[in-house]
4 protein chains.
Amino acid sequence: MNERVHTGRRRNEEARRAVLDAALRLLADADGAPVGVDAIAREAGVGKQTLYRWWPSKGAVLLDALTGRAEQDVPARDSGSLREDLRAVVAATFAGAQAEPVGPALRTLVRESARDPHLAELMREFTGARRSALREVLARGRERGELAADCDLDLMVDQVYGVFWYRFLLGHAPLGEEEAVRLADSLVRQGG
Amino acid sequence: MNERVHTGRRRNEEARRAVLDAALRLLADADGAPVGVDAIAREAGVGKQTLYRWWPSKGAVLLDALTGRAEQDVPARDSGSLREDLRAVVAATFAGAQAEPVGPALRTLVRESARDPHLAELMREFTGARRSALREVLARGRERGELAADCDLDLMVDQVYGVFWYRFLLGHAPLGEEEAVRLADSLVRQGG
Amino acid sequence: MNERVHTGRRRNEEARRAVLDAALRLLADADGAPVGVDAIAREAGVGKQTLYRWWPSKGAVLLDALTGRAEQDVPARDSGSLREDLRAVVAATFAGAQAEPVGPALRTLVRESARDPHLAELMREFTGARRSALREVLARGRERGELAADCDLDLMVDQVYGVFWYRFLLGHAPLGEEEAVRLADSLVRQGG
Amino acid sequence: MNERVHTGRRRNEEARRAVLDAALRLLADADGAPVGVDAIAREAGVGKQTLYRWWPSKGAVLLDALTGRAEQDVPARDSGSLREDLRAVVAATFAGAQAEPVGPALRTLVRESARDPHLAELMREFTGARRSALREVLARGRERGELAADCDLDLMVDQVYGVFWYRFLLGHAPLGEEEAVRLADSLVRQGG
DNA sequence: ATTTAATCGAGACGGTACGTCATGTCTTCGG
DNA sequence: CCGAAGACATGACGTACCGTCTCGATTAAAT
């Protein structure tokens with residue numbers, strides 16, 4: 001606990017970091033169990049008011065903790081081949097959710113969002129962004145003729161993220177490299 | 001509230017029904033918002049202890065309320081054609097979740113299961129049963145040669161339920177007859 | 001902490017006692033410093049909700065703790081002599097406020113009542129009762145001719161309690177037997 | 001809010017006045033209810049630090065607001081007659097506490113001092129000064145033989161201020177000219 | 001004339017207490 | 001023994017206030 005210094009009347013960036021770090025740590029350690037505001041504040045060495053001053057709800061803190069640190073490193077590069085791109089995106093998505101501390105934190109976050117309407121809304125935005133990124137990849141493939149002109153891109157996107165979340169939250173089946181490839185390929189085949 | 005009569009020292013079936021009815025009603029009215037134990041007990045005109053005597057947790061009551069009433073009417077008939085069977089199952093799944101009061105109740109139930117480990121376990125069983133029923137349909141199709149011998153049935157199952165839950169919970173896209181057909185057909189095509 | 005047992009759907013008398021005991025103990029130990037609700041609850045081994053269920057405010061608990069235990073043992077006997085009775089009442093008042101744990105607790109209570117309008121009202125009733133008891137004594141003396149017919153009994157009462165509270169709270173002068181006698185005698189002389 | 005001008009590195013007298021004015025206004029408006037530091041600062045259009053730079057605590061501000069404005073106009077003249085002087089002092093004390101805005105402000109101040117040890121100490125000094133002024137009057141009377149040589153002056157002083165504070169804070173009886181005269185006379189008679 | 005230093009308004013900060021809420025356990029009492 | 005009622009311990013929630021601290025601007029005194 002290295003004695004944070006005050007920054008006067010402007011927001012203390014160190015406090016912000018301390019909060020997000022603490023939140024991410026607790027989120028990861030909890031692995032699904034609820035994370036309390038008091039706990040975050042105590043862990044960060046911060047007054048509760050500081051949380052409520054800068055984030056509209058507990059959920060906002062948690063989401064910020066996850067997105068602000070775990071870079072949205074899903075690439076969405078354009079390799080010229082739909083199969084290639086799709087494999088990359090799906091594999092990155094699967095892998096990102098397995099890594100520490102993102103995985104457990106993400107699980108906790110989703111759990112929390114079930115109770116916290118504010119967080120649910122934030123999550124909706126978050127996932128919406130991911131969805132359109134993936135849709136972009138598919139749209140490029142369709143333009144190149146790798147997919148049928150009449151295929152339902154939205155349904156394909158939802159098949160990817162549907163499988164992902166379903167398995168991620170229930171944990172009844174793996175989310176490895178192999179499954180990513182299989183899923184990507186089956187989508188390409190299905191839409192061809 | 002029609003003045004239930006005591007049944008002495010044997011379990012009062014009417015009380016059980018009153019609880020499940022009340023739970024389902026609240027579950028549906030809440031449409032996602034949390035449903036408390038006190039609320040169920042009051043709505044049912046029942047003591048809280050009666051709940052905990054017969055159900056191990058709040059979640060169990062909620063799940064019982066849903067499954068005990070909303071018949072698991074997903075058919076899983078065997079028509080001889082995979083495409084036919086799959087369309088039927090998917091469409092029934094989609095339609096079942098739209099109907100009142102099942103839809104809103106189911107949404108609430110899932111939300112609750114995020115916080116309640118006990119309910120989560122019950123939900124796991126519940127969805128597990130659905131999954132194996134669907135897998136059965138697909139396995140029959142594969143035996144008939146309608147799917148490639150090496151295709152990943154588990155992945156196909158999860159594509160169906162993944163899309164279903166993903167759209168059902170986020171509500172960003174429809175879950176109608178048309179989407180059901182499209183999804184079923186694309187899976188048959190992909191696995192052929 | 002001897003494992004209190006629940007008493008079912010009726011108020012738990014043991015819990016009530018535990019709360020009042022704890023409150024009195026803390027009140028006395030604090031000697032003027034504020035006593036928190038959490039502290040009382042923790043000390044009593046009781047949930048905070050139990051406090052708010054039975055007492056309308058923190059102040060009500062504190063006052064109850066003082067009056068419910070420390071018997072209002074100011075005698076107000078009738079000895080036939082005003083001087084005698086007055087000396088007794090004043091001395092008892094002074095002595096009562098010195099004794100442990102009443103003294104420190106009373107000081108804390110008054111302090112709290114400055115912030116808590118509800119408690120202030122309760123204190124008003126409490127002191128009002130004391131005032132009328134003393135007024136009774138003086139009225140009897142006046143009927144016996146020990147006081148002038150036109151003397152202001154209310155003013156005399158307030159001289160007693162005024163001096164008492166003033167010295168009790170500021171602590172700038174003693175409140176012993178000697179002062180009690182002197183005050184009583186001077187009042188008799190003044191009203192004669 | 002007439003745009004105060006900076007005075008550079010010397011204390012800004014206007015700011016001081018603004019604080020005291022604001023404090024007195026809030027103190028009077030509150031009539032017993034707590035007055036917060038933030039409220040004073042906002043009302044005065046002043047930073048909180050400016051308060052803590054010049055006053056050691058909130059209480060000091062409040063007391064200063066009261067004493068710095070409401071002149072200590074209790075006369076303590078020497079008319080040659082104890083009865084006369086005493087009547088004057090007591091009546092002035094009573095009247096001073098009734099006037100706006102001193103009365104309500106004083107009430108709030110005492111309430112605050114119950115929670116604020118620093119303010120309590122300041123109040124002790126404040127009342128101590130009043131006490132010795134009154135004691136002076138009585139001592140002069142005793143030297144002139146208007147009081148018995150062995151009478152307890154401190155007790156007499158406390159009877160005056162005791163009655164005053166008791167009635168002022170509880171408000172159960174009036175503090176008018178008539179009561180002042182009666183109290184003063186009874187003390188002279190009692191000590192004669 | 002330039003530097004130094006103390007003022008000012010503003011408001012974020014860590015901390016403590018508050019009163020409300022929901023959960024699951026427990027006990028009474030009537031049927 | 002069942003069922004209704006509801007008190008109980010626990011612990012999270014979001015709000016309010018306190019006194020401290022730092023900012024960036026401003027202006028008087030020191031150099």
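In what follows, every chain begins at residue 1, and chains take the letters A, B, ... in the order their sequences are listed.
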By nearest atom, which of the nucleotides E/dT23, F/dT20, F/dG14 is closest to the D/Y52 side chain? F/dT20
Suppose we screen for side chain to side chain donor-acceptor pair (under 3.5 Å). Which residues come up paired with A/E13, at least two apart in sequence or across chains? A/R16
Between C/K58 (NZ) and E/dT16 (C1'), how many Å, whole number? 12 Å
Between atom CG in A/D116 and atom P in F/dA12, what is the gap in whole Å? 17 Å
Within this structure, what is the OH-OG distance for the pair D/Y52 and D/S57, rounded to the nearest 0.5 Å? 7.5 Å
What's the CD1-C1' distance between D/I40 and F/dC17, to the nearest Å? 12 Å
What residues form a side chain to side chain contact (heavy atoms under 4.5 Å, CB included) with A/H6, not counting sequence neighbours? none
Answer with base, sugar-phosphate or nothing: what part of the nucleic acid does D/V35 contact at a heavy-atom distance below 4.0 Å? sugar-phosphate
Determine, for nucleotides 8-15 of chain E in 5'-to-3' order, which nucleotides have protein heavy atoms under 4.0 Å from the base (write B), from only the sugar-phosphate (write S), or from neither (write -). BBBBBBBB
Does D/V37 or A/D38 map to a spot on DNA chain F nearer the 5' end, using the closest nucleotide for each? A/D38
In whole Å, what is the span from the CZ atom of D/R115 to the C1' atom of E/dC18? 10 Å
Non-neighbouring partners of C/D38 that pass side chain to side chain donor-acceptor pair (under 3.5 Å), sequence neighbours left out: C/K48
Please report the distance, rounded to the nearest Å, between CD in C/E43 and P in F/dA9. 14 Å
Kindly write out the residues that satisfy side chain to side chain contact (heavy atoms under 4.5 Å, CB included) with C/R107, not counting sequence neighbours, or none if the list is empty. C/D31, C/R111, C/F168, C/L169
What residues form a side chain to side chain contact (heavy atoms under 4.5 Å, CB included) with D/N12, not counting sequence neighbours? D/R4, D/T7, D/E14, D/A15
For A/H118 and F/dC13, what is the distance between atoms NE2 and C1' respectively, to the nearest whole Å? 16 Å
Could you tell me the separation between the CG atom of C/L51 and the P atom of F/dG11, rounded to a whole number of Å? 16 Å
To the nearest angstrom, how far is D/L119 atom CG from F/dC18 atom C1'? 15 Å
First locate atom CD of D/E125, then atom OG1 of D/T67, and finally report the distance between them rounded to the nearest 0.5 Å. 11.0 Å
